[in-house]
Amino acid sequence: MNVVERVEVVLPGTVEPEELELRRGPVPAPGPGQVVVRMEATGVSFAEQQMRRGRYYDQPPFPFVPGYDLVGTVQTAGPGVEPGLVGTRVAALTKTGGWASHVVLDAADVVEVPAGVGAAEAETAVVNGITAWQMLHRKARVRPGHTVLVHGANGGVGSLLVQLALAAGARVIGTASPRHHDALRAQGVTPIDYRTEDIPARVRALAPGGVDAVFDHVGGRSVTDSWGLLARGGTLVSYGSAATRDDTGSKQWPVLKLLGRVWMWNALPNGRHAYFFNVWAGKALSKNRFRARLRTDLTQVFTALQRGEISPAVAAVLPLADIADALRLAESGTVSGKVVLVP
């Protein structure tokens, strides 16, 4: 008789990728209102790269199982859960816990994946897709004819921002290293080399009146430059501090500094707006409202995937047991799209 066991990747502390631990144990049972999802795909996002350095601003204490999102099939359901959910392929935003073969989740937190969408392609569109969709449509409210600047246009979130902005009828300028420029041009994006070009000067030449929105995951000086590139009525959405990934010291300070700048900029009477985007905002105040918004927006992302408005950028697919190789690859800066992990 084959005994099914749970396999999980544990982050024990601020360690190198090779020092993450693979642990095995029994498959958990769901409690009331819960389901056990058999993971089919999870992935490496920028958050986990920060977490292994102890740099993610609200990560749990070590040790813990990382994994920001996942796609899988509901294996068992606890009391109070609709029995028809068993056998359904679903996606979930988890923040942590996704790097495991079996994950216990509240049934209210899973969103059905449409038929015909594979696990790996759906996985690329969960946290990255939700982030891109909400920043574009809920914060910047990009419309046809707008000009937007996307930093890291070849990245997991950036590539989806580009595609969703183009689908919304916007003109897109994107920063990326030169090896990605041909692919960006083929999509209709104007690329800028962030390593060798003067980004503010180049953007001003392309959009003399300023841009309608900037999406900045870099932080530091970049976010200040981004604010200066906005047209009147434009919106800056800051959603990270990649520039501080390898820094030491307080992990909260880069975020607090960004929040301070956002508050100051919004106080200026110039018609421009700034946001620091956090996909979890509002959950503590109203869990039901947060879940409804997540379900609505992720469904929109999956619909865009079905229509071909966005295409999944899967950089590589690796087994969960090869987490060290997956992390090294994701952190190398040499790939386009998301590194996906499978059981």
Side-chain angles (χ1 to χ4, degrees), residues 46 128 131-245 254 257-258 260-262 264-266 268-277 310 313 333 336:
F46 187 72
N128 291 345
T131 299
W133 180 273
Q134 292 186 346
M135 290 195 300
L136 194 78
H137 293 292
R138 291 191 180 271
K139 296 300 184 187
R141 302 185 183 279
V142 169
R143 301 189 301 275
H146 276 182
T147 297
V148 305
L149 170 63
V150 177
H151 286 287
N154 63 292
V157 175
S159 61
L160 291 180
L161 271 169
V162 163
Q163 294 175 73
L164 289 170
L166 290 169
R171 174 194 179 203
V172 180
I173 303 166
T175 70
S177 57
R179 66 178 168 274
H180 301 295
H181 285 193
D182 286 345
L184 289 170
R185 287 191 192 95
Q187 294 179 77
V189 177
T190 303
I192 297 175
D193 182 352
Y194 68 89
R195 287 178 176 156
T196 62
E197 294 189 73
D198 181 331
I199 295 173
R202 184 94 162 84
V203 173
R204 288 190 186 101
L206 291 166
V211 296
D212 299 289
V214 184
F215 302 94
D216 190 305
H217 71 299
V218 183
R221 177 182 171 180
S222 174
V223 79
T224 304
D225 288 342
S226 293
W227 173 256
L229 293 171
L230 290 176
R232 185 170 183 84
T235 302
L236 165 65
V237 187
S238 170
Y239 65 103
S241 54
T244 67
R245 186 190 73 175
K257 193 153 64 171
L258 275 172
R261 283 176 175 165
V262 165
M264 179 185 70
W265 286 332
N266 284 332
L268 298 173
N270 56 21
R272 294 180 289 179
H273 307 280
Y275 297 96
F276 181 74
F277 179 81
I310 60 175
S336 180

Any side-chain heavy-atom pair of [X] and [Y] under 4.5 Å:
| X | Y | answer |
| --- | --- | --- |
| Leu206 | Arg171 | yes |
| Val157 | His217 | no |
| Leu161 | Leu136 | yes |
| Val148 | Val211 | no |
| Leu149 | Thr175 | yes |
| Pro191 | His180 | no |
| Leu230 | Val214 | yes |

Distance from [X] atom [atom1] to [Y] atom [atom2], nearest 0.5 Å?
| X | Y | atom1 | atom2 | answer |
| --- | --- | --- | --- | --- |
| Met135 | Arg141 | CE | CZ | 14.5 Å |
| Trp133 | Lys139 | CH2 | NZ | 15.5 Å |
| Ser226 | Arg221 | OG | CZ | 11.0 Å |
| Arg272 | Trp265 | CZ | CH2 | 9.5 Å |
| Ile173 | Leu184 | CD1 | CG | 12.5 Å |
| His151 | Phe215 | NE2 | CZ | 11.0 Å |

Open item on the list: Please check: side-chain N/O of Asn128 versus main-chain N/O of Thr131, any donor-acceptor pairing under 3.5 Å?
Closed with: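 Answer holds: no.
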Open item on the list: Any side-chain to backbone donor/acceptor pair from His146 onto Arg143? Under 3.5 Å, distance only.
Closed with: yes
Task: No-hydrogen, no-angle side-chain donor-acceptor test under 3.5 Å, Asn154 and Ser159 - done: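 On atom types as modelled, these side chains do not qualify, holding no pair under 3.5 Å.
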Task: Residues Asp193 and Thr196: side-chain donor-acceptor under 3.5 angstrom - done: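 Note: Asp193 and Thr196 side chains meet the donor-acceptor criterion.
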- [ ] Assess whether salt bridge (charged side-chain N to carboxylate O under 4.0 Å, His left out) is satisfied between Arg202 and Asp198, documenting all intermediate values.
- [x] CA-CA 6 Å; Arg202 184 94 162 84; Asp198 181 331; over 6 Å; no
Open item on the list: side-chain contact (heavy atoms from CB on, under 4.5 Å) for Asp212 and Val142? Distances and angles first, verdict last.
Closed with: CA-CA 8 Å; Asp212 299 289; Val142 169; over 6 Å; no
Please report the shortest heavy-atom distance between [X] and [Y], naming the atom on each side.
| X | Y | value |
| --- | --- | --- |
| Ser177 | Arg195 | CB-NH1, 3.9 Å |
| Leu229 | Pro200 | CD2-O, 3.6 Å |
| His137 | Ala168 | CE1-CB, 4.3 Å |
| Ala132 | Leu164 | CB-CD1, 3.9 Å |
| Trp227 | Ala274 | CZ3-CB, 3.8 Å |

Please report, to 0.1 Å, the donor-acceptor pairs under 3.5 Å made by any side chain of residues 231-240, with sequence neighbours excluded.
from, atom 1, to, atom 2, distance (Å)
Arg232, NH1, Asn270, O, 2.8

